[in-house]
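Proteins come first, then strands; the chains are lettered A, B, ... in the order of their sequence lines, and each starts at number 1. Only this structure's heavy atoms are used, side chains among them; waters, hydrogens and symmetry mates stay out.
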Protein chains: 2
Amino acid sequence: MSTSECCDGAEAPDCAGSVTGVVTLDEVAAVKLATALKVLADPVRLRLLELLATSPGGEVCACDLVEPLGRSQPTISHHLKVLREAELINSERRGTWIWYSVNRDAVRQAVAALQTVTGLHPALA
Amino acid sequence: MSTSECCDGAEAPDCAGSVTGVVTLDEVAAVKLATALKVLADPVRLRLLELLATSPGGEVCACDLVEPLGRSQPTISHHLKVLREAELINSERRGTWIWYSVNRDAVRQAVAALQTVTGLHPALA
DNA sequence: TGTCAATATTGAAGCGCATCGATATTTCGT
DNA sequence: ACGAAATATCGATGCGCTTCAATATTGACA
């Protein structure tokens, strides 16, 4: 017997109910992970993260992020805000400038969740 | 001297050019990774991947994917197509039904790329 | 306090995406 | 060949997101 009613017609011999595993992602959790991934799924934001990650001190002044990405200052400011509100980066004001750095734990969490969902990781945590 | 011209005004004492690391993500590579992540950044597609990953046999008949997600059949078909074209899942027709499974290598690649960009992984590969 | 540089916000334009109903296509069994 | 079930495609709708120019806000310093 199938877990659903899709293949129980008179003609088809049933597809044997292939879905029986334990599902951990309810609608809410799926939306939450998708939201985090959506923040990461932008070329400008990915390059911002890389600029932060590859910087010798691990942090970069916002004023040094506009030119290398070839976008306007408001656009960079917008993306930094999106990353900050998703807690994927940290920001700290020091005098005139604001310094940004990657929030490694938050990125790790998103990556781990994605691995769990896709079965790459046996959901150890 | 700064790597850009943003903080070279008369008043500000320069922000010391914090961007000096080696950047591997050019615009094209960033768009490519962002495209893959965009495919993953959808609640329905994440739950589809989990249904495939947690299925005992590792594969699920498409007919068993419509009901548990509460979306219409065209919508599920659309998402399966998106996942398939991104090569994140494999599909195989067996008789009346089509069986889907997670393409673990593709997911692994995307995850590894994300880890590299964010500095979680020392880019070993 | 007033000025200048850095950063944030606003408002609008343009594009892409998720979703559905309706319909077409494919495949099997009779 | 025909009918039924599974899957795919089409067309439309509504929402969200990226981007920019213009403007506001914030903070340092004289």
Side-chain angles (χ1 to χ4, degrees), chain A residues 2 4-18 27 30-31 34-35 37-48 60-67 69-86 89 91-100, chain B residues 2 4-18 27 30-31 34-35 37-48 60-67 69-86 89 91-100:
Chain A
S2 168
S4 61
E5 290 80 45
C6 74
C7 359
D8 296 340
E11 305 273 348
D14 198 316
C15 63
S18 43
E27 179 90 34
V31 169
T35 300
L37 290 175
K38 228 170 277 213
V39 172
L40 293 169
D42 179 89
V44 172
R45 290 195 284 269
L46 286 174
R47 295 179 73 192
L48 280 172
V60 179
C61 166
C63 69
D64 276 329
L65 294 171
V66 172
E67 199 213 65
L69 294 185
R71 306 294 152 106
S72 70
Q73 178 269 324
T75 296
I76 298 300
S77 182
H78 162 70
H79 285 299
L80 287 172
K81 181 181 184 180
V82 171
L83 286 167
R84 194 175 354 111
E85 290 182 338
I89 60 175
S91 68
E92 182 188 351
R93 171 150 236 149
R94 284 211 287 274
T96 304
W97 307 293
I98 300 179
W99 296 79
Y100 289 95
Chain B
S2 168
S4 61
E5 291 81 46
C6 73
C7 1
D8 295 341
E11 304 273 350
D14 198 317
C15 62
S18 44
E27 179 90 35
V31 169
T35 301
L37 290 175
K38 230 170 276 220
V39 172
L40 293 169
D42 179 90
V44 173
R45 289 195 285 268
L46 286 175
R47 295 179 73 193
L48 279 172
V60 179
C61 166
C63 69
D64 277 329
L65 294 171
V66 172
E67 199 214 64
L69 294 185
R71 307 293 153 105
S72 70
Q73 178 270 325
T75 296
I76 298 300
S77 182
H78 162 70
H79 286 299
L80 288 172
K81 181 180 182 179
V82 171
L83 286 167
R84 192 174 355 110
E85 289 181 340
I89 60 175
S91 68
E92 182 189 350
R93 173 151 234 147
R94 284 209 287 274
T96 304
W97 306 295
I98 300 180
W99 296 78
Y100 289 95

Item to check | Among dC28(C), dT7(C), dT7(D), the one nearest Trp97(A) by side-chain distance | outcome: dT7(C)

Item to check | Whole-Å distance separating the NZ atom of Lys81(A) from the C1' atom of dT7(C) | outcome: 12 Å

Checklist outcome for this item: Nearest heavy-atom contact between Cys61(A) and Trp99(A) is N-CE3, 3.4 Å

Checklist entry - For the residue pair Ala62(A) and Tyr100(A), what are the closest heavy atoms and their distance? => result CB-CE1, 3.6 Å

Checklist outcome for this item: B/S/- along nucleotides 14-26 of chain C (protein heavy atoms under 4.0 Å) is ----SBBBB---S

Checklist outcome for this item: note: Glu27(B), atom CD; dT18(D), atom P; distance rounded to Å ~ 14 Å

Checklist entry - Just how far, in rounded Å, is P of dT18(D) from CG of Leu48(A)? => result 12 Å

Item to check | Interatomic distance, Glu67(A) CD vs dA5(C) P [rounded to whole Å] | outcome: 18 Å

Next on the checklist: I need the CD-P distance between Glu92(A) and dA6(C), as an integer number of Å.
Outcome noted: 19 Å

Checklist entry - If you look at every heavy atom in Leu46(A) and Ala34(B), which pair is closest and at what distance? => result CD1-N, 3.6 Å

Checklist outcome for this item: Interatomic distance, CZ@Arg71(A) vs CG@Leu65(A), rounded to 0.5 Å, equals 13.5 Å

Next on the checklist: Distance check needed: dA6(C) C1' versus Trp99(A) CH2, whole Å only.
Outcome noted: 13 Å

Next on the checklist: Please report the distance, rounded to the nearest Å, between CG in Asp64(B) and C1' in dA5(D).
Outcome noted: 14 Å

Item to check | Atom-to-atom span, CG of Leu65(B) to C1' of dA8(D) - whole angstrom | outcome: 15 Å

Checklist outcome for this item: For Ala30(A) and Pro43(B), the nearest pair of non-hydrogen atoms, with its separation, is CB-O, 3.8 Å

Item to check | Phosphate contact (dT7(D) OP1 or OP2) by Arg94(B) side-chain N/O below 4.0 Å | outcome: no

Checklist outcome for this item: On a heavy-atom basis, the closest approach of Leu83(A) and Arg45(A) is CG-CD, 3.8 Å

